[in-house]
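The structure appears below as structure tokens.
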Amino acid sequence: MMNQKAVVVFSGGQDSTTCLFWALERFDEVIAVTFDYGQKNKLEIECAAKIAKELGVEHHILDMGLLNQLAPNALTREDIPVEAGKDGALPSTFVEGRNHLFFSFAAVLAKGKGCHHIVVGVSQTDFSGYPDCRNDFVKSLNVTLNLAMDYAFEFHTPLMWIDKEQTWALADSMGKLDYVRENTLTCYEGVKGDGCGKCPSCVLRKQGLERYLSHKKQPEEKEVSQ
Ligand code: ZN
């Protein structure tokens, strides 16, 4: 059997860190790739680098500053506030074309490294209307990249059909809930771990965690009372 290698698109957040652990359980060799697109929170990239180092994973940080130039958004521009989308519009944190470009560059890296597998942490369940988090998009891009590079890529999306609560459950099933909770950064204000607690990203993360922990606690309590 051939050595199975995977590239994980890795931001240092909850979702992609869970995917990194998922990949480490399945593939012989895992490489993480983080994109620097001029995020205001440099800490995000530092978190990613620290996690990759702790897990002994080869880590590449690629410059995608072009995205900040092309697609103004609240994650890279000081003058754009973080806001939910009104009347069906996308929130100001949406970066046009981000996953399309990231996944394509990840594929170039993957082929260069002899990796056929690419793992991405997108979810159609919690996708806030982001078109490039949808399953159809990932499937379509997979075909396009295979044709573009004459190479058999296989995209993996372990979080596609699960919500934040189930993403915590997945981390817990691998024994990594505390690690993911303490070491990842999802907060738009750049606060590691449980975050600022107020921004849309923290609210989503916190709700999922609280739901997971409360559902998890119930069977244990029953055991104690028996
Ligand atoms: Zn926050």
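Ligands are counted one by one from 1 in listed order, and the atoms in each one are counted from 1 as well.
With respect to the salt-bridge test (charged N to carboxylate O, under 4.0 angstrom), the residues Glu29 and Lys113 do not qualify. Note on Lys206 versus Asp194: no salt bridge recorded, every NZ/NE/NH1/NH2 to OD/OE distance being 4.0 Å or above. Of the charged side-chain nitrogens involved, at least one lies within less than 4.0 Å of a carboxylate oxygen, so that Lys50 and Glu54 count as a salt-bridged pair.
With rounding to the nearest 0.5 angstrom, the CG atom of Leu141 is 9.0 Å from the CG atom of Asn146.
Residue pairs meeting the salt bridge (charged side-chain N to carboxylate O under 4.0 Å, His left out) criterion with at least one member in residues 8-19, sequence neighbours excluded: Asp15-Lys164.
The aromatic rings of Phe27 and His156 sit perpendicular to each other, their planes meeting at more than 60°, with 30° as the lower class boundary.
Excluding waters, the protein N/O/S atoms found under 2.8 Å from the Zn ion (ligand 1) are Cys187 SG, Cys196 SG, Cys199 SG, Cys202 SG.
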